[in-house]
Structures are given as structure tokens and as C-alpha cells.
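Working notes, structure below.
All figures in this text were calculated on a predicted structure; none of them were measured in a lab.
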Amino acid sequence: MVSNDTVSNDTVSTVRLLVDRERCLGAGRCVLTDPDLFDQDEDDGRVLLLTGPDEEPEVTAAVRRAVQFCPTGALTLSDD
Amino acid sequence: MADDLTTDHPPFPVPRGCPFGGPERAAGGDAEPPLTRVTLPTGGTAWVVSGFERVRRLLADPRISSDRRRPGFPHLAPVPVGNPPDETLPMVTLDAPEHTAHRRMFVNEFTVRRMRLLRPRIQEIVDQCVDDLLASGRPADLVQTISVPVPSMAVCELLGVPYTDRDFFKARTQKLLDRSNSAEEMRKGFGELLGYFDELITLKEKDPGDDLLGRAIVKYRDAGRYNHAYMVNTATMLLNAGHETTTNMISLSVVALLENPAQLAELRANPEHTAHAVEELLRYFSVVDLTVGRVATEDVEMDGETIRAGEGVIARPSSANMDPEVFADPHVLDIHREEARHHVAFGHGGHNCLGQNLAREELEIVLNTLFRRVPDLRLAKPADELSYKDTEQVYGIHEVPVTW
């Protein structure tokens, strides 16, 4: 159930974090899991990524946990 | 569902046999079936869904409704008569997209960041309650001195209840969770709190102020959908959701740690680990285990069974949190359990607990403060002789006599 803590370089290059803010209802579990990457909007509580505009977040073990914990499916990983 | 009347489904709920380590399984036996038909106290039947994956899948399924007005909703207690107008219903009983719209009006009040800003105030509230405990005679009841007033005052802080009204508020919430009062007295106490919210919201409508209720009034007015009764119901919902649950988690957590002195000693030495221990305690007790009722709006296939449209479903967080596929030796309390954070004690899907980060914070601060300031705290009565809330919708303990 718990995802692997190690991610191969191949996986890092192909698996992407997808964020669907329309599904987010602001539980904040991603912020608790990886506060360096996730934050919540001051106005509507929805998820924000603390990355630059064109920066692709690395899919770390913490990101995988945040995806698993997200109660509303707002965070997912791409398959390709 | 007339055929169900002739079938002999086991009753639900079954009281927890052992105070610790989770509720009895719905149908008995070790191999809990994925889905079980049960008979409810209100006479109808419902499905009980068990297991980590199934509970999460069910609660995230858009064909599964939280609308308590729908026929087939698995009510555990008789529903009050009368049909409140749709626009006054609080978000717990709404489905998307209405639920989403209402939740977005409040969710920024409960962000991780906002809750961190509340920390110093929660710490002051807890310190005051510990002062009151130490000033009282020994033994004292932990429930009435700490477990009830901390979340009660935290709700006041969150909603913007004026300081001058907080003694009134605290006394009413203490009364509601003191079983020596008659049902009539409790109804009266609840009525007084409702009346209080009605007056408070009327005042805030004139002068909203910079607090949750004031800001919500402004937001709803700006959106052109302000409704007084809705706001009163929502304030009451926030109190209901945030009070008794946290009260019971505080009592159970203190007792569980006093009963596990080695783990308590570790937390005393490493209070920064308490946040993780809180996740394990939330998993272990699943206090909100019976109230996660839903009703199917379409036929839903699950593990070879069909939940028909209009049938009630109960997802049990305890069965997810005690699933051995996810949590090894699930009936063991282990504050170092790596996977503890996977629990669904705050639910899953769109209705996951709005106030979960406030609850986490209250529990962490209470445990750290209480065990630091009262280092020789101990039970004045053996844990197995305490009176547990075996038959109530939110699991907990009625009284916890402590001494020091």
C-alpha cells in the first residue's frame, strides 16, 4: 500500500504530478505531507504548487504519498 | 425493499466489546466480509462496507450521496419531523455541486496555514484548562476539565464568539456531554446554544467583524445567497463536528498513553513526535465510525455485490483503519507506525473533515501540555472500569477520573 520510497530515474522522467484544482476541497493533507511543494490558496483554500511557472515538480516519495492521501483525487500521477 | 423485512440481517451497530483496539466487526468473526447487509435501529436495512480500499472507493464515488433527505439513507436514530427549506441545509447533507460551492466558502478558514496561526491561542486555552485542572480537587474528571472545554473554547475562537459569552458557551457544552443530566436538560442546553448562535449571527449581520462567521456572512451576501437560518445551521454543524469528536479523542488518547507508559515516556522526551502519535491515535480509535452513512443514487457494483439505487450504505472508518493489508498488527497502538498517516479517521472523498487540521493541532497541544505540566498524571480508576460510550454515535469515555 505504501509506495516505494525510491523512484528510478526512468520513472522520474516520465511520471508527472497532475493537479486538478476543480476537484480540490482543501483538506490540506498535501501541505502536511510535503510543505516544500504544496500550499493552499489564501482566498479559497485550494492547492497551490510552490514551483516556478515552467518548473515541473519532481515526483518524490513524499509527492506519491500526497497523491495517495488526497481525499478528493485532485492530485494524480500521469501514467505515461 | 419489502423482501428485506423477512430476511434476518444482523443488527447494526454492535457495541465495541473491548474499549481499545477498535469496534467489533459488523457481522462477527475474523474474516470480515467486504459487504454485509445489516438491520438499523430505525428498522430499515443498509450495507456495511469494510476494508481500506473499499471504504475509500465508496466515499469517493459520485454515485454515493450524503443527502440525508433521500429515501434509503441509513439513519441510526429517528429523524426529526419537518422539512427544512433546501437553502437552510448545512453542507454535510449536500452533494456536489452544491456541496462544493458551500465548502469553498469556508475552506480557506481551515487551511494548514490558518490553523498554525491559531496555535498560540489554542495553547493559551489549553494552559488555562490545565490551570483549572491543577486548581481543582483530586481526583478530577479529565473530561469536564480538559476534554470538553478545550474544543469548546477552540470553536469559540474559530467562530468569533466574544470573550464575554465564553463562560456561557463552555457551561452549555459541558452540560451536553455530562450524562448525569436528563435528556430533557440536554435538549434544553442544546436549544440554548442554538438560540445563542441565532442571536450572535443577528449581531454579526449588523457588524460582521473579522472572524469566520463575519467573513462568511459577507461572502454569502456578495454571492447573493445569504440566508440567516443557513448560517445558524452551519455554526451549529461546525460546533457538532468539532466538539464531541475532539472531546472524545482527547479523553481516549490520554487514557491510551497512560496505559502505554513506554510510549508516553518517548513522547515526553520527544514532544516533536506527538504530531505523528496523534495520527496513530486517530487511526486506532476511529471515534467517528458509525456516522459515515450514504445512499446510492445509482446501482453500484462492488466485490460481486450490487448496492442498488436507493439503498443505504455505511462506510466504516474503523474497518479501513484496522485493515491488516495496510496496517500491520492493526490492533496494536504504535506511535512509531510508519503508515499511521494513511488512516481515514477524518473520512475520505468530498466530505472529508473540514476541521481536521484544527483537531490535529488541539490534540497535539493538549497531549504535550498536559503531560509536561502534570508529569505524574495518572488514572484514579483502572482503565477497564471506565465507562465507555459503547452505544453512542461518537465513541468515547463518559468520565475519566485522574489524579497527580
Side-chain angles (χ1 to χ4, degrees), chain A residues 1-7 11 15-52 55 57-79, chain B residues 51-53 55-57 59-62 91 96-97 99-117 215 219 275-276 278-279 320 323-328 337-361:
Chain A
M1 197 56 55
V2 184
S3 61
N4 291 332
D5 278 2
T6 52
V7 180
T11 319
V15 177
R16 296 170 56 231
L17 171 66
L18 305 175
V19 180
D20 182 353
R21 296 190 78 235
E22 287 309 305
R23 296 182 74 99
C24 179
L25 285 172
R29 296 202 64 177
C30 54
V31 184
L32 290 180
T33 307
D34 189 353
D36 294 332
L37 178 61
F38 298 102
D39 198 359
Q40 285 166 286
D41 190 293
E42 279 287 306
D43 292 326
D44 67 9
R46 283 193 260 181
V47 60
L48 291 175
L49 291 184
L50 298 171
T51 45
E55 197 183 333
E58 191 187 340
V59 178
T60 60
V63 166
R64 286 175 184 272
R65 277 198 299 277
V67 168
Q68 278 183 326
F69 293 161
C70 178
T72 55
L75 303 179
T76 49
L77 295 175
S78 70
D79 292 330
Chain B
F52 185 81
E53 279 305 325
V55 163
R56 282 175 43 116
R57 207 187 328 147
L59 292 177
D61 192 317
M91 68 182 94
H99 168 260
T100 313
H102 285 292
R103 178 144 169 155
R104 292 234 163 95
M105 291 288 209
F106 289 94
V107 79
N108 70 322
E109 301 283 348
F110 293 89
T111 61
V112 173
R113 188 196 303 260
R114 204 56 92 77
M115 293 304 109
R116 292 220 169 107
L117 292 175
R215 287 188 290 266
K219 267 192 192 177
H276 189 85
V278 163
E279 302 295 331
D323 188 334
E325 299 281 319
V326 183
F327 306 100
R337 181 186 292 280
E338 197 184 335
E339 70 280 14
R341 287 182 188 275
H342 287 248
H343 70 74
V344 292
F346 291 119
H348 190 70
H351 287 275
N352 71 84
C353 178
L354 181 61
Q356 58 185 282
N357 295 317
L358 177 58
R360 288 185 163 100
E361 199 159 83

inquiry  = Taking side chain as everything from C-beta outward and backbone as N, CA, C, O, which of these in B:His99 sits under 4.5 Å from a heavy atom of chain A? Side chain, backbone, both or neither.
reply    = side chain
task = Could you tell me whether the side chain of A:Gln40 reaches within less than 4.5 Å of the side chain of B:Arg114, counting heavy atoms only?
result = no
task = For chain A, find which of B:Val112, B:Val344, B:Leu59, B:Leu354 contributes the most heavy-atom pairs closer than 4.5 angstrom.
result = B:Val112
remark   = Honestly, the part of B:Arg215 sitting under 4.5 Å from a heavy atom of chain A is neither
task = Working to the nearest 0.5 Å, report the span between CZ of B:Arg103 and CG of A:Asp44.
result = 12.5 Å
query = So do the side chains of A:Phe69 and A:Leu32 get within less than 4.5 Å of each other, counting heavy atoms only?
reply = no
key: Selection from A:Arg23, A:Glu42, A:Arg46 maximising heavy-atom pairs under 4.5 Å formed with chain B   = A:Arg46
query = Most heavy-atom pairs under 4.5 angstrom with chain A, which of B:Met115, B:His351, B:Arg360, B:Glu109?
reply = B:Arg360
message = Please enumerate all residues that pass side-chain hydrogen bond (donor to acceptor under 3.5 Å, both in side chains) together with B:His343, with sequence neighbours excluded.
response = B:Glu279
key: A:Leu18 and A:Leu77, any side-chain heavy atoms less than 4.5 Å apart   = no
query = Relative to chain A, which segment of B:Arg341 carries a heavy atom at a distance below 4.5 Å: side chain, backbone, both, or neither?
reply = both
